[in-house]
2 protein chains.
Amino acid sequence: MKTLARKDQIRLKAQMLFRERGYSATSMRDLADELGIEAASLYNHISSKEEILQGICFGMAESFFAAVEPVTLSALDPKAKLQSALEAHLRVIAENSDASAVFLHEWRHLGEPFLSDFKLMRRRYEKLFVTLVEEGIARDSFKKMDARVVARTILSATNWTFESQKTSKSDGDATIQQIAELLVEGLIRR
Amino acid sequence: MKTLARKDQIRLKAQMLFRERGYSATSMRDLADELGIEAASLYNHISSKEEILQGICFGMAESFFAAVEPVTLSALDPKAKLQSALEAHLRVIAENSDASAVFLHEWRHLGEPFLSDFKLMRRRYEKLFVTLVEEGIARDSFKKMDARVVARTILSATNWTFESQKTSKSDGDATIQQIAELLVEGLIRR
DNA sequence: TTGGTTTGCTAACAAGCGTTAGTTAGTGTC
DNA sequence: GACACTAACTAACGCTTGTTAGCAAACCAA
């Protein structure tokens, strides 16, 4: 199917541009230029600018859940579980850094009702990590602390770490484990 | 001086809007509406939209340096120094959360040559923290680790922590110390 | 009272925005 | 060879953008 190929091409370039310049500062003509076609031609493949953003944001939400949720249901001990979840989270970001940046920064330009849906999803995702921390505390594996603050701090640290640094796939895996371990070991150990 | 008062009012509202909607998605008419005047009237006080952004970004850069640089020159031991620097950094963010969000996210919409100047400043600021970590490692106060990774992780964690949560001035100070301690204790202790 | 400064207004500009309409050339299918 | 589909085009739409010009009322200093 060539249709899908072209649509995916659009999405790929859009991810790049939305990340670099932001959603609002990226015009359909910019995007079209990048693909070597006219702006109007884009509408043979997509139905609106916002549709592209929706695809990116909710697509990434799915990826994050698909990677992390299974880990939270596994039978690992709290510390290993949290670290695995974190590594899964980091891997999704590393493997898709443009889309992740858009997911993290540009979602506010979604219109309703998508905006509300997105916020809800985001909350649910954060909750996964909060629960992992709470579990660890309850089972006396982690020191006693505000689970929400810690979970948020951890996610914040991970999200920004990949913001500015290019992630070459060679050192990516090492770095991921290094960061996850650093955070878990440091912030959680009792 | 009433001129300054009005100009500051503009900057204040601009900070709010730039933070909420982003620089590009905020129009001069939006900003004027918020102040109860016409868009054209803004130009009696400022000379361009970008000038407002410049004022915010470089103003905050100054604030951050003014707060943190003295600490780095003090005679505290490495751990106390890093923690104090972090608290200073967090205090600037907490006391000026709108402007900080703009400083952190919207600087890329600066035009040249300001963009390059800004990036340079940012590097210099990050370097302050990297140096603090390096000092601690050299003096054997911190465990051996990649100073750049740790410094970046710490800053990332702080920057995002205040992103989504309203900082009431009452619990602000407690939270700041709590977070700074958490990060320093956790990530740095040998 | 005069004259300047401050702060607002209305009207308008050219450029850029997302998007639609209508068309056309190429491609694969019966 | 006829037909539908794909993917591009040109032209244009109504609207919004940042910004400028010219003007008027209010205030303050001399």
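In what follows, every chain begins at residue 1, and chains take the letters A, B, ... in the order their sequences are listed.
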Rounded distance (Å) that lies between atom C1' of D/dA8 and atom CD1 of A/I46: 15 Å
Side chain to side chain donor-acceptor pair (under 3.5 Å) contacts in which one or both residues fall within residues 33-42 of chain A, not counting sequence neighbours: none
Between D/dG18 (C1') and B/L53 (CG): distance, integer Å: 15 Å
OP1 or OP2 of D/dA8 under 4.0 Å from side-chain N/O of A/H45: yes
Separation of D/dA26 P from B/N44 CG (nearest whole Å): 17 Å
Every protein N/O within reach of nucleotides 14-17 of chain C N/O, cut-off under 3.5 Å:
{"residue": "C/dC17", "atom": "OP1", "partner": "A/S27", "partner atom": "OG", "Å": "3.4"}

Qualifying salt bridge (Lys or Arg N to Asp or Glu O under 4.0 Å) pairs, either residue in residues 65-80 of chain B, two or more places apart: B/K79-B/E185
Aromatic centroids of A/H89 and A/Y125 separated by under 6.0 Å: yes
Sequence neighbours excluded, every pair satisfying salt bridge (Lys or Arg N to Asp or Glu O under 4.0 Å) that has a member inside residues 105-118 of chain B: A/E106-B/R108, A/R108-B/E106
Residues touching DNA chain D, which here means a heavy atom under 4.0 Å, drawn from residues 31-42 of chain A: A/I37, A/E38, A/A40, A/S41
Qualifying residues under ring pair (Phe, Tyr, Trp, His ring centres under 6.0 Å), relative to A/F18, sequence neighbours excluded: A/Y23
Integer-rounded Å distance: C/dT10 P and B/Y43 OH: 17 Å
Length of the line joining B/R6:CZ and C/dT5:C1', which is rounded to integer Å: 16 Å
Qualifying residues under salt bridge (Lys or Arg N to Asp or Glu O under 4.0 Å), relative to A/R21, sequence neighbours excluded: A/D30
Set of residues satisfying salt bridge (Lys or Arg N to Asp or Glu O under 4.0 Å) with respect to A/E134, sequence neighbours excluded: none
Would you be so kind as to tabulate the donor-acceptor pairs closer than 3.5 Å made by side chains of residues 53-64 of chain A, with sequence neighbours excluded?
{"residue": "A/Q54", "atom": "NE2", "partner": "A/E50", "partner atom": "OE2", "Å": "2.8"}
{"residue": "A/S63", "atom": "OG", "partner": "A/G59", "partner atom": "O", "Å": "3.2"}

